[in-house]
2 protein chains.
Amino acid sequence: MTLPLPPLPAVRAFEAAARHGSFTKAAEELGMTQAAVSYQIKVLEERVGAPLFLRKPRQVTLTEVGQRLAPAFTEAFSLIGEAYAQARSGAEGVLCVSTILTFASSWLARNLGAFQVQHPSLAVRVDTSSRLIDFAREDVDVAIRSGSGDWPGLAKHFLFKAEFSPMLSSKLAASIGGVKAPADLLRLPILDPGDPWWREWFTAAGVPTDALAARPRSSMGAQAYEANAAMAGHGVAILTGALFPSELADGRLIQPFDLVANDGNSYWLVYPEARRNVPKIRAFRDWLLAAFAASLGPQGA
Amino acid sequence: MTLPLPPLPAVRAFEAAARHGSFTKAAEELGMTQAAVSYQIKVLEERVGAPLFLRKPRQVTLTEVGQRLAPAFTEAFSLIGEAYAQARSGAEGVLCVSTILTFASSWLARNLGAFQVQHPSLAVRVDTSSRLIDFAREDVDVAIRSGSGDWPGLAKHFLFKAEFSPMLSSKLAASIGGVKAPADLLRLPILDPGDPWWREWFTAAGVPTDALAARPRSSMGAQAYEANAAMAGHGVAILTGALFPSELADGRLIQPFDLVANDGNSYWLVYPEARRNVPKIRAFRDWLLAAFAASLGPQGA
DNA sequence: CATGATGGATTAATAGGCCTTATGCATGCC
DNA sequence: GGCATGCATAAGGCCTATTAATCCATCATG
């Protein structure tokens, strides 16, 4: 059968001692006492069945067996050490962000460039998925998700509230002579009328929602799609304004009413609590929060 | 400074788990419980700062970081394992025998061939030195030495007694009309007259030793040299017959008197007690004792 | 749809190995 | 001769790795 490995602490002590030609020096390097090194080497010698060092008066010398063993061990540890070091900072080489499609295609797509410039050594992989992410099951570093913010074990940073309001193209609005009152919207096609947000908003606006139920369902499942449809003039979408600042700014989308509804959820940056100090995560967090303050803050104020 | 190595038990557990794609299997291989593997991997993940496995429903998968680490670790352990295995049997590859010159050049030189044939995979290195050997300080497996047999920590096997008797060439003996009585020897050159063996032997033979003291000292320090000198007819040497069986058999040396003296010492095969079961040592010991019984036994009887 | 089997996480408690302290021994140096 | 250096050894303590026990989720099954 395969020979079991020798006790690794013994191998470690021997390797250091071989490199230094001294038990005392090896002990220093390993942060232990000379006695411990002596003990471990004796253990290894017993396992090997041959002496590894010749004990000369004031120095130790490798035996032939020791001379053959030492380079292999040194090589092995250097392999481990390098791989480990690379993994620690190599873990910083790629930052994997999981986010909902809409955020990826809007805010993130426009702003990520700035992050890349600040952190040229960090590659960013963006994974878009609408699933609730489980950090234990997916190879993801940070995620941007909406929710109540109640996720045990996860660190979270508030980004913006999941507020929503109807939006449409100016052309579509003009087609019915402008949208003056909330009820006017019902004269237009409603994109994804089954979305509970519609019911909430209309209720907040004081408009009965009975009419909505009759509408054909046409859920596209992602705000980004609906926003595109709305910009193309296909109907009215109910969207989170914070996700479409530039579209709103240049008029591709208009939000006819100041009234925004809110289902209590918000968007958060989340990641495993335990990894809050991992450099690449810290870097992304700091940048994202600052960038948000800059891009949304002035506009939101 | 150089990054300290990750905890090796954790690396070990991780490597096995990565190879098996299963904590449970890894635990089996390592002879521990699944809980221990789980714990160790968690330790390593904390050190690395990134998850190494994705915990899927009924299996675990390596993350990207884990995928980069695993091959390096496997390689490293295989390096250690191979070197270790080679050292254990590679320790058997070379047998180092330390012996006095005379034994090396006589008995051993003639008989070692038989051992090589029996153990073709074993290389034998013969070191000749007259020093008392310290196994802790010299890279030697077994030694052949004379002495009282009182060496703590060493295993010893009796070879033959350090008996001695005068020897010379037949030609030299004829030059004085043959050696009839011990005192006749004093009419010939005595090789190394200061050797205490002469005094002992003459005393045993009933010959006064006063004459010896006056002789010029000319110690050559090794029986092999003196034997050569004796065979060349330069004088009478006092030698251990057991070391020169063939020379005595074919008449190159003659031992004129049956009287042999004995200083109480003997020749022994010795090696560290703790290594008595090392295969190559066991092989050499078994062969040497058997060969001795065969080569000296019949003759000595 | 309940049930059992599989595989991993978690917790607390344990045992044993590893390390330290203290000391001894041999050597080389001043 | 006395001191410094370097390794070996013995005894004892601590920490770490491990175990046992339990929980949880998933998947297969009847």
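Atoms considered below: every heavy atom in the structure, side chains included; atoms not considered: hydrogens, waters and symmetry mates. Computed from a prediction, not measured in an experiment: that's the story for all the values here. So you know, we letter chains A, B, ... as the sequences are listed, proteins then strands, and number each from 1.
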Salt bridge (charged side-chain N to carboxylate O under 4.0 Å, His left out) partners of A/Asp134, counting only residues at least two apart
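Applying salt bridge (charged side-chain N to carboxylate O under 4.0 Å, His left out) to A/Asp134 gives A/Arg137.
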Excluding sequence neighbours, so at least two apart, what forms salt bridge (charged side-chain N to carboxylate O under 4.0 Å, His left out) with B/Asp263?
none
Does B/Gly31 reach a base, just sugar-phosphate, or nothing at all? Heavy atoms under 4.0 Å.
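Sugar-phosphate, backbone atoms only, no base.
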At 4.0 Å (heavy atoms only), tell me whether B/Lys42 reaches a base, stays on the sugar-phosphate, or touches nothing.
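Since only primed, P, OP1 and OP2 atoms lie under 4.0 Å of B/Lys42, the category is sugar-phosphate.
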Whether [X] contacts [N] is assessed here as follows: a side-chain N or O lying under 4.0 Å from the phosphate OP1 or OP2. Is that the case?
X       : N     : value
B/Ser38 : C/dA9 : yes
B/Gln59 : C/dG7 : no
B/Thr24 : C/dG8 : yes

How would you give the extent of chain B contacts on DNA chain D, as first and last nucleotide 5' to 3' within a 4.0 Å heavy-atom cut-off?
D/dA17 to D/dC27
Can you pull the salt bridge (charged side-chain N to carboxylate O under 4.0 Å, His left out) pairs that have at least one residue in residues 143-157 of chain B, sequence neighbours excluded?
none
Which residues in residues 6-15 of chain B have at least one heavy atom lying under 4.0 Å from any atom of DNA chain C?
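Output list: empty, so none.
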Reading DNA chain C from 5' onward, which residue's closest nucleotide shows up sooner: A/Met32 or A/Arg58?
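That would be A/Met32.
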Comparing B/Tyr39 and A/Tyr39 on DNA chain D - which has the more 5′ nearest nucleotide:
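With B/Tyr39 and A/Tyr39 compared, the 5'-side residue is A/Tyr39.
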Going by side-chain hydrogen bond (donor to acceptor under 3.5 Å, both in side chains), name the pairs with one or both residues in residues 41-52 of chain B, residues two or more places apart or in two chains.
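side-chain hydrogen bond (donor to acceptor under 3.5 Å, both in side chains) check on residues 41-52 of chain B returns B/Glu45-B/Arg55.
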